[in-house]
Each structure stands twice: as structure tokens, then as C-alpha cells.
*Asks:* 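Questions regarding the structure given below will be posed in turn.
Atoms within a ligand are numbered from 1 in the order they appear, just like the ligands themselves.
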Amino acid sequence: MAAASSSTKFIFPPSISSSSPSSSSHRSRSKLLLAFLSPTAATASPLSLKLSRSRSHYGRAPRRSLIVTDALKSAESTETSASKSRSAERGGAGSAEDGPTILVSEKLGEAGLEVLRGYGRLECLYDLSPEELCKKISSVDALIVRSGTKVTRQVFEAAKGRLKVVGRAGVGIDNVDLQAATEHGCLVVNAPTANTVAAAEHGIALLAAMARNVAQADASIKAGKWERSKYVGVSLVGKTLAVMGFGKVGSEVARRAKGLGMTVIAHDPYAPADRARAMGVELVSFDQAIATADFLSFHMPLTPTTSKIFNDNTFSKMKKGVRIVNVARGGVIDEDALVRALDSGIVAQAALDVFTKEPPPSDSKLVQHPNVTVTPHLGASTKEAQEGVAIEIAEAVVGALNGELAATAVNAPMVPPDVLSELAPYVVLAEKLGRLAVQLVAGGKGIQSVRVIYKSARDTDDLDTRILRAMITKGIIEPISASYINLVNADYTAKQKGLRIVEERVSVDASPESPVDSIQVKICNVESKFASAVTESGEISIEGKVKDGIPRLTCVGSFGVDVSLEGNLLLCRQVDQPGMIGHVGNILGERNVNVSFMTVGRTVRRRQAIMAIGVDEEPNKETLQKIGEVPAIEEFVFLNL
Ligand SMILES: NC(=O)C1=CN([C@@H]2O[C@H](COP(=O)(O)OP(=O)(O)OC[C@H]3O[C@@H](n4cnc5c(N)ncnc54)[C@H](O)[C@@H]3O)[C@@H](O)[C@H]2O)C=CC1
Ligand SMILES: O=C(O)C(=O)COP(=O)(O)O
């Protein structure tokens with residue numbers, strides 16, 4: 001159980017870890033992290049990691065990468081030299097041939113490519129059609145995109161379970177079907193910070209260019225004209241700018257606009273008013289913002305709520321002659337309505353970097369409108385931003401492929417590293433308890449309701465159980481279905497299968513040093529193969545603890561036991577009398593089944609006891625039959641942990 005004894009160093013990425021890449025702490029860290037994303041968490045064998053810092057900042061991929069499955073190996077062997085040369089033509093092929101395959105489908109900064117090259121097999125294919133992407137996707141472990149690639153449900157389906165991570169080299173993830181990603185257990189990460197300033201600068205560039213007719217005047221002079229009176233502009237100083245969406249980009253735009261002498265107001269239903277106030281920006285309602293502003297700048301994400309939020313109705317409420325900048329997403333505007341608003345003069349000018357359909361049709365009335373200035377989605381396109389975004393996304397993807405929970409995960413719970421570190425051994429315990437509990441269920445009715453009870457000395461607020469719940473779900477579902485469960489899709493899959501997991505906390509007088517004293521898993525309203533596991537209230541109940549970093553089973557039904565949760569387990573209920581351990585031990589020994597431990601728990605002396613026997617090998621049918629024939633044995637069950 002290397003994972004269970006992992007040191008706290010595991011939270012650091014290789015680049016800043018003080019331990020040697022091949023050290024045991026690194027190994028145990030990696031094995032632990034495997035638990036969060038890998039299909040084979042609790043049963044994974046020790047990994048042989050060969051991270052070499054001399055190759056690159058991130059080192060080479062481990063021989064058996066943390067979320068790389070066997071499917072990867074077979075797919076690797078089918079990789080053709082034709083595809084490699086094609087990839088080299090279009091963007092270059094990678095060199096770490098034995099690592100995971102990472103497909104980059106749009107131009108990415110060189111610094112990020114360098115990180116990826118050093119880690120895995122890199123393929124840059126920049127002009128794939130949707131059909132080509134679907135064909136390619138089942139042979140890659142990670143996909144990195146910008147805004148131009150639509151990662152649809154079809155893409156996730158075509159991946160056939162191999163695609164583990166989609167990295168969005170930028171902020172907006174509206175081009176990725178997040179629901180489909182979650183259903184397929186695929187992690188989506190983005191790079192939310194590195195292009196903020198670039199987008200804000202572009203917003204300001206468009207604002208100033210629009211106000212002074214820079215693009216139109218440039219086109220005019222190049223057409224041989226000299227039209228000074230036609231291109232008289234408007235001033236920015238003293239005007240009111242409404243920033244719609246006061247997030248990272250919006251607040252940077254606000255800061256710069258204030259520097260230009262504008263009065264800045266903002267609308268954002270979720271932004272803290274004190275942050276705005278500290279910048280001298282007043283947060284106002286949507287209607288107030290659009291009715292007051294001389295200039296509007298859009299900086300909200302495209303979501304079902306913001307889709308076409310600027311439409312005939314909202315344009316009609318704007319100040320006549322308002323000027324609009326959009327560097328967010330084209331879809332927040334009803335583009336036909338904007339054309340009408342421009343024609344009627346409600347909107348005097350618009351400067352647009354983004355469009356509902358990109359590229360927009362060449363005969364688009366909006367693009368061709370004389371009062372509209374356009375750029376081809378250039379907000380993030382500075383050298384600096386592209387290098388930054390590329391590094392940010394490469395780090396996130398490499399981390400995710402290593403089984404780490406990315407700080408920029410979009411569809412998985414964010415669990416701070418210190419919490420992860422502390423819960424490490426309990427993660428293994430949780431999965432084992434789920435796996436064990438489900439094997440005690442006698443088929444038939446199906447499992448619908450599971451109660452999980454965490455006994456802890458800590459305050460409720462001081463215990464984040466999301467990972468534990470996910471791992472219990474994984475343990476329960478995986479042995480009885482073909483689903484592959486990880487932190488991304490655990491809750492979704494449970495819901496799909498009609499499995500209700502209810503969590504309870506019980507305060508106990510234990511050491512507050514440990515986040516959890518024990519975890520109890522109870523499966524309700526089912527019959528058990530092992531009647532002794534059923535409590536008086538009719539639930540299958542097992543309980544486990546972590547002792548010296550090792551997960552142990554401490555209770556079955558109302559019988560106390562104490563066995564390490566490793567390998568295989570025989571649970572027998574017998575009459576509590578001398579000689580039972582020797583008797584069963586002999587049957588196993590004679591058939592070459594090695595016993596790793598034995599423990600006996602009883603409720604009342606000389607009445608009934610439960611014997612838990614750990615075995616290295618799986619006993620065959622005949623051996624199990626022999627055990628069943630021992631007169632004092634009342635029932636027994638063999639469990640695979
Ligand atoms: N043109 C380009 O190349 C780029 C475009 N972007 C886009 O800019 C937008 C903002 O990006 P960030 O500032 O980094 O994101 P962010 O997440 O930091 O900020 C978005 C803000 O919008 C707010 N918001 C959500 N719903 C809203 C609503 N109905 N009304 C008003 N505000 C609402 C949120 O509360 C949040 O504060 C995104 O759409 C992103 O995709 C970002 C970078 C480059
Ligand atoms: O980061 C964003 O949201 C952007 O819109 C940038 O898009 P891009 O990566 O330049 O295609």
C-alpha cells in the first residue's frame with residue numbers, strides 16, 4: 001500500500017518537488033493520484049516511473065502513465081508512419097514516443113509544445129475536419145484546442161474511452177461539450193489567466209479605433225481618398241463605459257478605461273461589489289447599465305443565460321447612439337438584431353472580435369456594415385499571451401495525464417492540494433469499502449441507496465468528502481458494471497444508475513489530527529450473501545479505518561474485525577470454539593493457498609465469531625467447498641479487494 005503511506009510531497013508538480021523524480025515519495029504520490037482519475041486505482045500495481053529532468057522541465061512520461069490505460073498501448077502500436085510524416089508536415093511530431101499521445105489541433109505557442117514534446121508523443125494536426133478529428137481521436141490520450149475546434153459529443157463517443165483530457169488553451173470552453181465530456185469521464189481543463197491582459201488590450205484597441213474610425217479611415221486612404229471630415233470621431237474622456245461581465249478581462253478593461261478618463265460602471269450578477277468599488281467602479285443592474293452607457297463592452301461567458309442577451313428588446317432600451325465592443329463571444333449578441341439597431345441608429349458603431357459563426361459568412365450584413373469594425377478573433381493573439389497560454393495548458397494537461405487534479409479543471413471538483421494530501425490514505429480506504437460492500441450483496445433487487453457515515457473529530461466544515469464519495473461510488477459501481485468511473489463522472493454515473501448516496505457525519509471523540517476516524521458504508525434494502533454483514537436495521541454494513549497509513553476493515557455487520565484491505569478476503573461465520581483457525585488454515589495450506597493474515601471477531605464469547613482470512617491466491621471451487629463442509633462454519637464468502 002504505497003499510496004497509503006505517501007508523504008505530503010505528492011502535491012507538488014515535478015518541476016518544484018524537492019524530491020528526486022524517481023524517489024519513493026514521488027512514486028507513492030503518483031500512485032495515490034492514480035486513484036483520482038484512473039480506472040484501476042485501488043488495484044494498480046506499483047509504477048515504474050522514469051521521469052528525467054535532463055530531457056525537459058517536465059521530464060519524460062512515465063513508462064506506464066497514470067491515466068494511460070492498456071488501450072493506449074494497443075493504439076500506440078497501430079500508429080502509422082504515414083500519420084507521423086503528415087503530422088510533421090503540418091506542425092511537427094513529438095519525440096517521447098513511449099508516453100501518452102497528445103493531439104494539438106490548433107496553433108499553440110512553442111514553449112507549450114516543448115513541454116508536451118518532452119512528456120509524450122506529440123501530434124500537431126491543425127486543419128482536421130470534424131470527421132478527421134473523430135477518426136483520429138480514439139488514438140490519443142489528450143487533445144489540446146483553442147476556440148476553432150468543436151469538441152462535440154461525437155468526438156467523445158468516437159474516442160471510445162481513450163481520451164482522458166481535453167485542454168482548452170484559453171478561457172472560453174463553449175466549444176467543448178462539457179456534459180458529454182463528463183459523461184465519458186474526460187477531464188476538461190482550461191488556461192484561464194494567461195490571455196486576460198491580451199483580451200483587455202484588444203478591447204481597448206477596438207474601443208479607441210472605433211471611436212476614431214481608424215479602420216474605415218485606413219481603408220479609405222488606401223483606396224486613394226483623403227476624407228478628413230467624414231471620419232470625425234468621438235472622444236472617450238468623460239464618457240460612461242459599461243463593462244458587462246466584471247471578471248478577469250472586464251476588470252482589466254475597466255482599469256484601462258479609467259486611465260483614459262472614462263466613467264466606468266459594470267454589470268455582473270456574480271461579482272463582489274467591494275472589488276468593483278476598490279477600483280472606483282460602480283456595479284449596477286443590467287437595465288441601468290445599458291440605459292446609461294455611451295459605450296458598452298461585453299466580457300461575459302457564452303452560456304444558455306447569456307446567449308443573445310443583447311437582442312431587439314435590450315437594444316431598444318439603450319441610449320441612442322451607443323457604441324458597442326465585443327471581445328467575449330459572438331453568441332451573446334443576436335447579430336440580426338444588431339444590424340437592425342445599427343440601421344436605425346440606436347447603435348452608432350460596433351467593434352467586434354467574435355462572431356456567432358467563425359469565420360462569419362463573407363456576405364454577412366454585420367461584417368459589411370460601414371459602422372462596424374471587425375477583427376478575426378484576435379483577442380488572445382499576442383505573442384506573450386500565446387506563449388503564456390501554451391505553457392499554462394501544457395502544464396495542466398501533463399498534470400492531468402499524471403493523474404493529478406488540475407487547478408483549472410472545468411468539470412471536476414476542485415480539491416485543494418493540502419486536502420488531497422491529508423485524504424490520501426482514506427481515498428484508498430473509501431474505494432476498497434465500496435468494492436467490498438457491493439460484493440456482499442446477493443443479486444436480485446439492485447442497489448438503490450447507500451449511506452456513508454464519516455466518523456470524525458473535526459468540524460463538519462473542516463472535512464471535504466467529495467473525493468471519498470467519488471471513490472466509494474467507483475468501488476460500488478465498477479465491479480457490477482462496465483462503467484469506468486473517476487472523479488469526473490462518479491456523481492453523474494451514480495445518478496444515471498439510480499444510485500443514491502447519502503452522506504452523514506458523526507462527531508466522535510478521536511484525534512483531530514486525522515481528518516476521518518472511520519468510514520462506514522451501508523447498503524440499504526438488499527439481501528446479503530453473508531447474513532452476518534447485515535445489521536439489526538437490515539442494512540449491509542462495513543466499516544474501515546486507516547491505521548499507520550494502512551486502510552483496514554474494522555467492522556462487518558456488528559462483528560469487530562481488524563484486517564488490512566489488501567488482496568483477497570475470506571469471511572467466515574462460525575461457532576466460536578477452539579481449533580477453527582487451524583482447521584481452515586490447513587484446508588488452505590494443503591491446497592497451496594497462502595494465508596497473509598487472520599483475525600477473529602466475536603460478539604459473545606463461545607457463541608459466534610467472524611474469521612477474516614487474507615489470502616494471496618484465489619482458492620478454487622473445491623477448496624471453498626471444503627471450507628463450507630467444516631461443521632462449525634455457518635456461512636462464508638470470498639471477496640476480491
Ligand atoms: N476574444 C478573445 O480572444 C478572448 C475572449 N475571451 C472571452 O472573454 C470572456 C471573459 O473572459 P474572462 O474575463 O477571462 O472570464 P471570467 O470568468 O473571469 O469573467 C466572466 C465574468 O462574467 C460574469 N457573468 C456571467 N454571467 C453574466 C451575465 N449574465 N451578465 C454579466 N456578467 C456575467 C461572471 O460573473 C464573470 O465575472 C469570455 O467569454 C471569454 O471566452 C477571453 C479571452 C480572449
Ligand atoms: O480564451 C478565449 O476565450 C479566447 O477566445 C481565445 O481564443 P483563441 O484561443 O485565440 O482561439
Side-chain angles (χ1 to χ4, degrees), residues 104-109 112 126 144-151 166-176 188-207 242-256 265-273 275-276 279 281 283-290 293 296-311 314 325-333 351-356 358-359 374-390 392-393 396 408 410:
V104 176
S105 69
E106 289 175 74
K107 190 143 177 43
L108 197 67
Y126 295 153
I144 296 183
V145 302
R146 287 177 58 186
S147 60
T149 307
K150 304 279 172 265
V151 193
V166 172
R168 186 340 188 174
V171 184
I173 30 93
D174 45 287
N175 53 324
V176 180
V188 180
V189 290
N190 72 348
T193 57
N195 67 21
T196 300
V197 167
E201 286 178 350
H202 197 62
I204 294 291
L206 286 178
L207 180 78
V243 172
M244 308 300 281
F246 196 67
K248 295 184 295 295
V249 179
S251 46
E252 288 303 321
V253 165
R255 195 190 307 278
R256 283 158 179 75
I265 56 174
H267 169 70
D268 188 323
Y270 315 107
R275 185 164 62 84
M279 286 178 61
V281 174
L283 278 185
V284 298
S285 69
F286 184 88
D287 281 352
Q288 203 181 339
I290 61 172
L296 282 161
S297 193
F298 302 159
H299 302 290
M300 66 265 283
L302 176 60
T303 64
T305 323
T306 61
S307 174
K308 295 192 179 173
I309 197 169
F310 301 103
N311 50 41
T314 46
V325 175
N326 187 10
V327 289
R329 282 295 178 268
V332 302
I333 299 177
L352 310 170
D353 183 46
V354 284
F355 305 89
T356 302
E358 294 185 357
V374 286
T375 49
H377 201 147
L378 291 181
S381 295
T382 62
K383 283 183 183 153
E384 296 83 354
Q386 280 313 305
E387 285 299 290
V389 161
E392 202 177 352
I393 204 63
T408 58
V410 176

*Asks:* What protein heavy atom sits nearest atom 10 (O) of ligand 2, and how far off is it?
*Replies:* R146 NH2, 2.8 Å
*Asks:* Is there a side-chain contact between F355 and V374, using heavy atoms and a 4.5 Å cut-off?
*Replies:* yes
*Asks:* Angle between ring planes, F286 versus H267, binned at 30° and 60°: parallel, tilted or perpendicular?
*Replies:* perpendicular
*Asks:* Are the side chains of V151 and V188 in contact, using a 4.5 Å heavy-atom criterion?
*Replies:* no
*Asks:* Which of the atoms of ligand 1 are close to G172, meaning less than 4.0 Å from one of its heavy atoms?
*Replies:* 41 (O)
*Asks:* Of all the atoms in ligand 2, which lie at a distance below 4.0 Å from a heavy atom belonging to G172?
*Replies:* 1 (O), 2 (C), 3 (O)
*Asks:* With heavy atoms of A199 as the reference, note each atom of ligand 1 found under 4.0 Å away.
*Replies:* 43 (C), 44 (C)
*Asks:* Check each of E252, H299, R329, H267 against atom 9 (C) of ligand 1 and report the one with the nearest heavy atom.
*Replies:* H299
*Asks:* Taking the side chain as C-beta and beyond, is there a heavy-atom pair between N190 and V176 under 4.5 Å?
*Replies:* no
*Asks:* Which bit of T306 is near ligand 1, meaning a heavy atom under 4.0 Å away: side chain, backbone, both or neither?
*Replies:* side chain
*Asks:* List the closest protein heavy-atom neighbour of atom 17 (O) of ligand 1: residue, atom name, distance to the nearest 0.1 Å.
*Replies:* K248 NZ, 3.9 Å
*Asks:* So V253 and I204, do their side chains get closer than 4.5 Å, heavy atoms only?
*Replies:* yes
*Asks:* Should you measure from each heavy atom of A380, which atoms of ligand 2 turn up under 4.0 Å away?
*Replies:* 6 (C), 10 (O)
*Asks:* Using 0.5 Å steps for rounding, measure from the CZ atom of R275 to the CG atom of L283.
*Replies:* 8.5 Å
*Asks:* Is the shortest N/O to N/O distance between N195 and ligand 1 below 3.5 Å?
*Replies:* no
*Asks:* Going by distance only, is there an N or O of V354 that falls short of 3.5 Å from an N or O of ligand 1?
*Replies:* no
*Asks:* Answer whether the closest heavy-atom distance between the side chains of V171 and N195 falls below 4.5 Å.
*Replies:* yes
*Asks:* Under a heavy-atom criterion of less than 4.0 Å, does A169 contact ligand 2?
*Replies:* yes
*Asks:* Is there a donor-acceptor contact under 3.5 Å linking the side chains of D353 and T375?
*Replies:* yes
*Asks:* Is any side-chain heavy atom of E392 closer than 4.5 Å to a side-chain heavy atom of P192?
*Replies:* yes
*Asks:* Mind checking whether V243 and V281 have side chains closer than 4.5 Å, heavy atoms only?
*Replies:* no
*Asks:* To check your reading of the model: name the closest protein heavy atom to atom 11 (O) of ligand 2, its residue, and the distance in Å.
*Replies:* S147 OG, 2.5 Å
*Asks:* Relative to atom 4 (C) of ligand 2, which among R168, K107, E358 owns the nearest non-hydrogen atom?
*Replies:* R168
*Asks:* With nothing but distance in play, are any N or O atoms of T196 less than 3.5 Å from an N or O of ligand 1?
*Replies:* no
*Asks:* Heavy-atom distances under 4.0 Å are what count here, so tell me which part of N195 touches ligand 2: side chain, backbone, both or neither.
*Replies:* side chain
*Asks:* Any N/O of V327 closer than 3.5 Å to an N/O of ligand 1?
*Replies:* yes
*Asks:* Find all atoms of ligand 1 within a distance of less than 4.0 Å from any non-hydrogen atom belonging to A328, and give their numbers and elements.
*Replies:* 5 (C), 7 (C), 8 (O), 39 (O)
*Asks:* Considering distance alone, does some N or O of R329 sit under 3.5 Å from an N or O of ligand 2?
*Replies:* yes
*Asks:* Test salt bridge (Lys or Arg N to Asp or Glu O under 4.0 Å) on R256 and E252; report intermediate values, then the result.
*Replies:* CA-CA 6 Å; R256 283 158 179 75; E252 288 303 321; 2.7 Å; yes
*Asks:* So is there a nitrogen or oxygen of M300 less than 3.5 Å from a nitrogen or oxygen in ligand 1?
*Replies:* yes
*Asks:* Can you list the ligand 1 atoms lying under 4.0 Å from a non-hydrogen atom of Y270?
*Replies:* 25 (C), 26 (N), 35 (O)
*Asks:* Should one rank E106, Q386, H377 by closest heavy-atom distance to atom 5 (O) of ligand 2, which comes out on top?
*Replies:* H377
*Asks:* Checking contacts here: is it the side chain or the backbone of P301 that comes within 4.0 Å of ligand 1, counting heavy atoms only? Could be both or neither.
*Replies:* both
*Asks:* With heavy atoms under 4.0 Å as the rule, classify the contact between F246 and ligand 1 as side chain, backbone, both or neither.
*Replies:* backbone
*Asks:* Is there a polar contact between ligand 1 and D353, counting only N or O atoms under 3.5 Å apart?
*Replies:* yes
*Asks:* Do any nitrogen or oxygen atoms of P192 lie less than 3.5 angstrom from nitrogen or oxygen atoms of ligand 1?
*Replies:* no
*Asks:* Could you tell me whether V171 and ligand 2 have an N or O pair separated by under 3.5 Å?
*Replies:* yes
*Asks:* Is there a polar contact between ligand 2 and G170, counting only N or O atoms under 3.5 Å apart?
*Replies:* no
*Asks:* Please report which non-hydrogen protein atom sits nearest to atom 21 (C) of ligand 1, along with the residue it belongs to and the distance in Å to one decimal place.
*Replies:* D268 OD2, 3.6 Å
*Asks:* When rounded to the nearest 0.5 angstrom, what is the spacing between OG1 in T305 and CE in M300?
*Replies:* 10.0 Å
*Asks:* List ligand 1 atoms under 4.0 Å from H377, heavy atoms only on the residue side.
*Replies:* 1 (N), 2 (C), 3 (O)
*Asks:* Are the side chains of I290 and M244 in contact, using a 4.5 Å heavy-atom criterion?
*Replies:* yes
*Asks:* Which protein heavy atom lies closest to atom 42 (C) of ligand 1, and at what distance to 0.1 Å?
*Replies:* V171 CG2, 3.9 Å
